[in-house]
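Notes to accompany the following structure.
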There are 2 protein chains.
Amino acid sequence: MRPPRPPLGPPRGRFVSAADVARLAGVSRSAVSRAFTPGAQVSEQARARILEAAEELGYRVNRLARTLHQDRSDLVGVVGGNFSNPYISAQLDALSRALHARRLQCLLMNSASGGDDLGRLLDYRVRTVVLLSGAAPDTLIRLCAQNGARMVLINRPRPPEGARADLVLADSAHGGRLAADRLARAGCQNVAVVISGSRTSAKLDRAEAFCSEMALHGIPVTRWADGPNSYETGVEAARALLIPGDRRVDGIFGVTDEIALGVLNTARFELGLRVPEDLSVIGFDDAPISGWSSHGLTTIRQPLEALTRATMEAITLPPEAEPVLCAVPVQLVERGSVRAPIT
Amino acid sequence: MRPPRPPLGPPRGRFVSAADVARLAGVSRSAVSRAFTPGAQVSEQARARILEAAEELGYRVNRLARTLHQDRSDLVGVVGGNFSNPYISAQLDALSRALHARRLQCLLMNSASGGDDLGRLLDYRVRTVVLLSGAAPDTLIRLCAQNGARMVLINRPRPPEGARADLVLADSAHGGRLAADRLARAGCQNVAVVISGSRTSAKLDRAEAFCSEMALHGIPVTRWADGPNSYETGVEAARALLIPGDRRVDGIFGVTDEIALGVLNTARFELGLRVPEDLSVIGFDDAPISGWSSHGLTTIRQPLEALTRATMEAITLPPEAEPVLCAVPVQLVERGSVRAPIT
DNA sequence: TTGTATGCGTTATCAC
DNA sequence: GTGATAACGCATACAA
């Protein structure tokens, strides 16, 4: 039992409650509640007195308690594995802005921090879980289904049959083909694709489509798949793939821009190759830094705005709505890291 | 009034509650509560039955309701203005990991999304608010104080007298001096400092210290302050500052790495200057991409680990503990964008 | 060890 | 328009 705190006293490490405000304003708790509920019936006079008291005390409606009563919070769980990845961080920036605009809150979870306690998001009664990276663990899928929370997977592997999840997918296959065609047009004779070892399906899809398309062109493809989705992976791949010789690799597709930038920089500054004269490099994502003049990376762009818009649509669907599938088109962005087409 | 849902029925858009579990396990609700409270008294037998039922239903303790009872959540509000900034995103990545390790949750707020509704964080009864960018609005400071929430400011302006906030500050003044001394040793005769227009005190401090130190060396400094803390700001500053002439600027200090990279790239690729031969560039932060071989930016490093550790210490302090001030040392990192010292 | 009763801060329902 | 009262899901003091 806590002692009733004097209305104007110093903070005691406790949050101000509606009861505190009611006491100061000389009204009942329900009146305070109504004053903060849009469309509720309160006299203008009482309302003003209440708001004044609230302002004085620094009162804020406890949305946790409100959620209790409504069984649906305005929290959205956002899961990512590496927020310093240039594309992920751009995604997060755009998504958090968009959530904020719809008055939803972003409960962030870094899945890189070990044990997949992603289920903990449900402890906070998130209305939706959004996955930016990693595969959706079966336990999480089941947990969301059992608790009626929506799930939005962005460029993630398609979950097992019967799992209810919204899918936002950039057109990986088309992107992979675009990359392949571009390298072919550049006259590449011996190309490689660098995939991270994590083998997320979106990245695999990009690589698969790239390989199939290259097969049509009759151009051999070396596959390099190891390590996380990171710059260092690109660095190591470049060191391994770009060994001098008469059949040296002359074109590389990195399945993410971060990987491609690792390849690009290693080729240029460590191995002394000229890009695009000696080596053509193409990426996938179109992260902001890819356009910097220090890189000039030709890449397959996943438009961030479209991705974010589709994500927000799925997020704001009512819990019982059928899952949606949203395909986001991609496009080639020329920047100069691939040789000009031969005519 | 909702109908009691069949234990194994399909999800009805509602979260599973302890009552549901109790029903299935044939025990009271309190027993369920105890089974999930570490150190509570439950028979091993009941406990097993309860956990099994919980597993089957996909039950998760509602931490929102638990918070209600404890008046202290494990939510930490994290405020940033631009998550795609290379240093901020690295900070966020490290911080979210560290929070997760202490079983705290990260409630993210993007302050760039307009109206400073930062007060909304308190609606979720966050135990602490962490500011990564922007200045702390007075209203937020007051709100936190009145509600007994801690506040941690990372490289932010010192709040008004009497405001209780933990401060984590990299040694801006020392960093600014280090930058100045380094450019002086490189033989620069005419330097500039590029500050963002946002004028956060940490950035101003860096610039001030730089200017004072340069004055000691008798080297004139041009100040350029406009635009946000972004790459483009560096680009525009470079275009404006690096006009050809016999007294051209031969050294530039960018108060953040992102700005410095904008300067560096513009000088190299747009203006055709050689760095460091024609122009020395030095930054502040040591973002991961500054070390990439495409940049090789000499910079003042704020060690991320120390920053994060200090932040976590402040975050985990009890609400009533006195505010702490933690100074984080900085150091010069040589990478080649500044000319070798003249002897 | 177990269940009952109470309180946490809120909203919704109900008399007045 | 207003105030009492009953939920909401949980933890806990207390009784059994």
Side-chain angles (χ1 to χ4, degrees), chain A residues 1-5 12-23 25-50 54 57-75 122-126 147-148, chain B residues 1-5 12-23 25-50 54 57-75 122-126 147-148:
Chain A
M1 205 52 173
R2 73 185 196 223
R5 168 173 22 137
R12 286 283 167 272
R14 288 197 55 266
F15 275 85
V16 179
S17 77
D20 298 328
V21 177
R23 202 155 23 228
V27 295
S28 70
R29 266 170 295 180
S30 348
V32 176
S33 179
R34 279 192 282 260
F36 283 94
T37 304
Q41 304 289 337
V42 215
S43 72
E44 208 41 60
Q45 184 184 0
R47 187 186 163 78
R49 230 185 20 250
I50 291 167
L57 294 178
Y59 168 73
R60 286 246 140 198
V61 175
N62 185 341
R63 296 191 92 95
L64 270 34
R66 174 182 280 184
T67 294
L68 205 57
H69 198 263
Q70 300 179 339
D71 196 72
R72 186 123 163 283
S73 76
D74 34 19
L75 259 32
L122 278 302
D123 296 1
Y124 298 87
R125 298 314 188 241
V126 294
N147 287 286
Chain B
M1 206 54 172
R2 73 187 196 222
R5 168 171 24 135
R12 286 280 167 273
R14 288 197 54 266
F15 275 85
V16 179
S17 76
D20 297 329
V21 177
R23 203 156 21 229
V27 296
S28 71
R29 268 169 294 181
S30 16
V32 177
S33 179
R34 281 190 282 259
F36 283 95
T37 304
Q41 304 289 337
V42 215
S43 72
E44 206 42 59
Q45 185 185 358
R47 188 187 163 77
R49 226 178 31 244
I50 291 168
L57 293 178
Y59 169 73
R60 288 243 138 201
V61 175
N62 184 341
R63 296 190 93 95
L64 271 32
R66 175 181 279 183
T67 293
L68 207 57
H69 197 261
Q70 300 178 342
D71 199 74
R72 185 123 162 285
S73 76
D74 34 20
L75 258 32
L122 295 177
D123 295 0
Y124 298 87
R125 298 314 189 239
V126 294
N147 287 286

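Everything numeric here is computed off the predicted structure, so don't read it as measured data. Quick note on labels: first sequence line is chain A, next is B, and so on, each numbered from 1.
- Under 4.0 angstrom from either OP1 or OP2 of C/dT10 there lies at least one side-chain N or O belonging to A/Tyr59.
- Note that CG of A/Leu57 and CZ of A/Arg23 are 9.5 Å apart. Values are rounded to the nearest 0.5 Å.
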Give me, pair by pair, the N or O atoms of the protein and of nucleotides 2-6 of chain C that are less than 3.5 Å apart, along with how far apart they are.
| from | atom 1 | to | atom 2 | distance (Å) |
| --- | --- | --- | --- | --- |
| C/dT2 | OP1 | B/Ser43 | OG | 2.9 |
| C/dT2 | OP2 | B/Ser43 | N | 2.9 |
| C/dT2 | OP2 | B/Ser43 | OG | 3.0 |
| C/dG3 | OP2 | B/Ser28 | N | 3.3 |
| C/dG3 | OP2 | B/Ser28 | OG | 3.1 |
| C/dG3 | N7 | B/Arg34 | NH2 | 2.6 |
| C/dG3 | O6 | B/Arg34 | NH1 | 3.1 |
| C/dT4 | O4 | B/Ser30 | OG | 3.3 |

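- When the P atom of C/dG9 is taken as reference, atom CG of B/Leu68 falls 7 Å away, rounded to whole Å.
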- Passes side chain to side chain contact (heavy atoms under 4.5 Å, CB included), A/Val32 versus A/Arg29? Steps please. CA-CA 5 Å; A/Val32 176; A/Arg29 266 170 295 180; 5.6 Å; no

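- Distance OH/A/Tyr59 to CG/B/Leu122: 12.5 Å, rounded to 0.5 Å.
- The interatomic distance linking A/Asp20 (CG) with C/dC8 (P) rounds to 11 Å, in whole Å.
- A distance-only check finds no donor-acceptor pair linking the side chain of A/Asn62 to the backbone of B/Arg125 [under 3.5 Å].
- Contact annotation for B/Val32: no contact, since no heavy-atom pair falls under 4.0 Å across all strands.
- Nucleotide C/dT10 holds its C1' atom 17 Å from the CZ atom of A/Arg125, rounded to whole Å.
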- Item | Steps toward side chain to side chain contact (heavy atoms under 4.5 Å, CB included) verdict (A/Tyr124, B/Asp74) | CA-CA 10 Å; A/Tyr124 298 87; B/Asp74 34 20; 2.8 Å; yes

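- Annotation: the span from B/Ile50 atom CD1 to B/Ser28 atom OG amounts to 7.5 Å, rounded to 0.5 Å.
- In this entry the distance linking CG of A/Asn62 with C1' of D/dC8 reads 13 Å, nearest Å.
- A straight line from CZ of A/Phe36 to P of C/dG9 spans 16 Å, rounded to a whole angstrom.
- For the pair A/Arg23 CZ and D/dG3 C1', the computed distance is 16 Å after rounding to whole Å.
- A 6.0 Å sphere centred on CZ of B/Arg49 holds more than 12 heavy atoms belonging to other residues, nucleotides or ligands.
- In this structure, A/Asp123 atom CG and D/dG9 atom P are separated by 15 Å, rounded to whole Å.
- The nearest whole Å value for the distance from the CG atom in A/Leu64 to the P atom in C/dG7 is 21 Å.
- Between D/dA7 and A/Arg66, no contact under 4.0 Å exists linking OP1 or OP2 to a side-chain N or O.
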